[in-house]
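Note on naming: letters A, B, ... go to the chains in the order of the sequence lines (proteins, then strands), and numbering restarts at 1 for each one.
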Number of protein chains: 2
Amino acid sequence: MDRPQATTRAIAALSGGDLRVWSLIVTILGDMARAPGAEVSGATLGALTDAVDIKPEALRVALHRLRKDGWISSRRVGRGSLHILTESGRAQANEAAARIYDFDTHQPTGWHVMVAQPMTQAGRNRLDAELRGLGHIVIAPGAYLGQGPAPDRPDLLLLEGNALQVPTWLSAAVMPPRLLQDYVSFEQALKVVDQALEADKPDPLTCAVLRLLIVHGWRRLVLRHPALPDAFFPPTWRGPACRRMLRDLLERLGQPRGADLLTG
Amino acid sequence: MDRPQATTRAIAALSGGDLRVWSLIVTILGDMARAPGAEVSGATLGALTDAVDIKPEALRVALHRLRKDGWISSRRVGRGSLHILTESGRAQANEAAARIYDFDTHQPTGWHVMVAQPMTQAGRNRLDAELRGLGHIVIAPGAYLGQGPAPDRPDLLLLEGNALQVPTWLSAAVMPPRLLQDYVSFEQALKVVDQALEADKPDPLTCAVLRLLIVHGWRRLVLRHPALPDAFFPPTWRGPACRRMLRDLLERLGQPRGADLLTG
């Protein structure tokens, strides 16, 4: 397909580095088919992945793996196929979506610190995993920071409060330099997309590809750190700037519909 | 000296176990001579310690040790001597007095939890000592609980709040079974004193000895645990009951004056 140079540059900027096919498909299904019963056709997946130079064989391998891991199920219809998120796949997609599509600026609500009694390393690993699953941050061995109402755990020391002082070492621990840099790169890629959209209104498939890559890149950033108020992160963090651009770009690109993508 | 049996039993109940002479003298000076310039005569010390069967030689050894350790200084006057707390001795006595003579029920004020970044064991030992000195409790490695306003430490994570949930393991850690039992024994001794006072009004020296032993026993209990609101400790803790009896008994026994003790 012939594309204006600006659009090609935008796609390249967004897909730079490590596009994993199965992860990209999770993004597509989570973006286009999160509603119960919503299916995406093999033809649509083919059109989107072909646009970022993913070979049909790589797509087939990825779909096979996602079925094996219980993320999706597939059915044949005529000469094509339809793919749908499983119950557990949809649950995970919904959980991630709450983070990915949350464009509000994050204002601090209440906080709580919980501290466990001295225990074995194995016991603490279990508790770490359990509380991380509830969105808590491990701030010291056996000490956890959480937002909002605390879980009912009478075995833990619990202090609830509003005034939280975040020291530099903790900001840096939840947002290490590498992740901070990845936000900078993502912001630059979004600027390239912004320029491409000003130059030319792309066709529906290109709009869908750009949207998909933006959501995918954002998803791979936000899910690498806990959901915390903006003030928690270092002042050099480009998250709020990215979030503003993202909202604007997704609005301009529009929501893709499978049928449109195959007529280009 | 002849004493009613009830009074003798009361003195025995209070001095049971481990009366260390130098520690008892610290209690006496802290109780009778905490004001700047206040002195206690060797004769008064002799009368009080003789009443609890401390030999004059043991008193001399203890006074020598307290001078060597910088707690007191002494001067000869005629055939006797006068003893006075040093500046540093008075500072320590005042600090302890704030705990010993604080008969208010302790209501929770604000709380704060502070958490340090990962550090070496030596660094953490230093921080533990520093924050314990400010009245904080170590609740986990690198995690500290404090009352009231937090110190200005931008290097620590800090959460301030009012609602504190104290788990059983932490109550038990600050008030171990042995100390809990010592409070029970002390309460029983106070009941014996109470009965003795109802039977007979003792002479001034005996009143002074009883007061001294009560303050001494209480001092050796309260300084063994952090100053925390009552609700922090196990429900079986007899501290509040002891505090009420103590206040009542000290009022009935009156404040001793050195001159009265030597005329008996």
Side-chain angles (χ1 to χ4, degrees), chain A residues 108-121 123-125 127-128 131 135-176 226 228-229 231-235, chain B residues 108-121 123-125 127-128 131 135-176 226 228-229 231-235:
Chain A
T109 54
W111 295 92
H112 56 272
V113 167
M114 300 193 298
V115 178
Q117 76 183 111
M119 56 175 74
T120 61
Q121 185 66 46
R124 207 163 65 220
N125 290 347
L127 187 60
D128 284 4
L131 291 176
H136 289 73
I137 309 169
V138 181
I139 48 179
Y144 309 88
L145 175 68
Q147 280 180 267
D152 182 25
R153 290 292 300 250
D155 57 324
L156 304 177
L157 175 131
L158 166 69
L159 181 63
E160 295 184 286
N162 291 304
L164 181 73
Q165 166 184 295
V166 181
T168 314
W169 60 265
L170 186 56
S171 300
V174 290
M175 184 66 68
L228 292 165
F232 204 96
F233 299 113
Chain B
T109 52
W111 296 92
H112 56 271
V113 167
M114 300 193 299
V115 178
Q117 77 184 110
M119 55 175 74
T120 61
Q121 185 67 45
R124 206 163 65 220
N125 289 347
L127 187 60
D128 284 3
L131 292 176
H136 288 73
I137 310 170
V138 181
I139 47 178
Y144 309 88
L145 175 68
Q147 280 180 267
D152 182 25
R153 289 292 300 250
D155 58 325
L156 303 178
L157 173 134
L158 166 69
L159 180 64
E160 295 185 284
N162 291 303
L164 180 73
Q165 165 184 297
V166 181
T168 314
W169 59 265
L170 186 56
S171 300
V174 291
M175 184 67 66
L228 291 165
F232 203 95
F233 299 114

Looking at side-chain heavy atoms only, is the closest gap between B:T168 and A:D155 below 4.5 Å? no
Heavy-atom contact with chain B under 4.5 Å, split by part of A:V166: neither
Measure distances from A:L170 to the heavy atoms of chain B and classify the residue's part below 4.5 Å as side chain, backbone, both or neither. side chain
For the side chain of B:Q165 and the backbone of A:L156, is there at least one donor-acceptor N/O pair under 3.5 Å apart? yes
Heavy-atom pairs under 4.5 Å with chain B: which of A:A143, A:A173, A:A140, A:A116 has the most? A:A116
Name the member of B:P154, B:G142, B:A150, B:P141 that forms the most heavy-atom pairs with chain A at distances under 4.5 Å. B:P154
Interchain contact, B:L159 with chain A, by part (heavy-atom threshold 4.5 Å): both
